[in-house]
Amino acid sequence: MGAKLFLNILYNLGIILCAVLIYWSFNHHRYDWLAAGVFIIIITVVLKIRLAKEVRALQKKQSP
């Protein structure tokens with residue numbers, strides 16, 4: 001469970017860093033970086049949702 005918590009923290013950091021990248025690239029008219037940031041943030045959110053579902057399933061299995 002500790003590894004899943006660490007992975008969740010990494011996903012959160014990835015989302016935050018990509019949000020900063022999107023903001024920076026929009027202000028500097030770097031639309032190639034903007035597209036990459038949006039793509040990465042979408043993938044990170046999907047992986048985070050999958051992780052949350054997996055943790056919920058583990059919690060249901062462990063509860064009596």
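Worth knowing before you read on, the calculation uses all heavy atoms, side chains too, and leaves out hydrogens, waters and symmetry mates. Worth saying up front: this structure is predicted, and the values here are computed from it rather than measured.
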Asks: How far does OG1 of Thr44 sit from CG of Leu17, to the nearest 0.5 angstrom?
Replies: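 If we round to the nearest 0.5 Å, Thr44:OG1 and Leu17:CG are 10.0 Å apart.
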
Asks: Spell out, yes or no, whether Phe39 and Leu47 are grouped together once hydrophobic residues are joined by side-chain heavy atoms under 4.5 Å, including indirect joins.
Replies: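 Yes; tracing contacts between hydrophobic side chains, which count when under 4.5 Å, links both residues.
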
Asks: Distance from Ile22 atom CD1 to Arg30 atom CZ, nearest 0.5 Å?
Replies: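 Result: 14.5 Å between the selected atoms.
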
Asks: Tell me whether Ile41 is reachable from Leu34 by hopping between hydrophobic residues (I, L, V, M, F, W, Y) whose side-chain heavy atoms are closer than 4.5 Å.
Replies: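 Same cluster: Leu34 reaches Ile41 through Ile, Leu, Val, Met, Phe, Trp or Tyr contacts under 4.5 Å.
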
Asks: Count I, L, V, M, F, W, Y as connected when their side-chain heavy atoms are under 4.5 Å apart, and connections chain through other members. Are Phe6 and Tyr11 then in the same cluster?
Replies: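 In one cluster with Phe6: Tyr11, no.
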
Asks: What about Val20 and Leu10, same hydrophobic cluster or not, with Ile/Leu/Val/Met/Phe/Trp/Tyr joined at side-chain heavy-atom distances under 4.5 Å?
Replies: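 No, Val20 and Leu10 fall in different hydrophobic clusters.
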
Asks: Return the NZ to CE distance between Lys4 and Met1, rounded to the nearest 0.5 Å.
Replies: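 Lys4 atom NZ to Met1 atom CE measures 8.0 Å (nearest 0.5 Å).
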
Asks: Out of curiosity, does Phe26 fall in the hydrophobic cluster containing Val38 (side-chain heavy atoms, cut-off under 4.5 Å, transitive links)?
Replies: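 Yes, because Val38 and Phe26 connect within a single hydrophobic cluster, where side-chain heavy atoms sit under 4.5 Å apart.
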
Asks: Given the rule in the side-chain contact (heavy atoms from CB on, under 4.5 Å) test, do Leu7 and Lys48 qualify, once you have shown the distances and angles that lead to the verdict?
Replies: CA-CA 9 Å; Leu7 190 58; Lys48 187 172 170 60; over 6 Å; no

Asks: Once you round to the nearest 0.5 Å, how far does CZ of Arg56 lie from CG of Leu51?
Replies: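 CG of Leu51 is found 10.0 Å from CZ of Arg56.
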
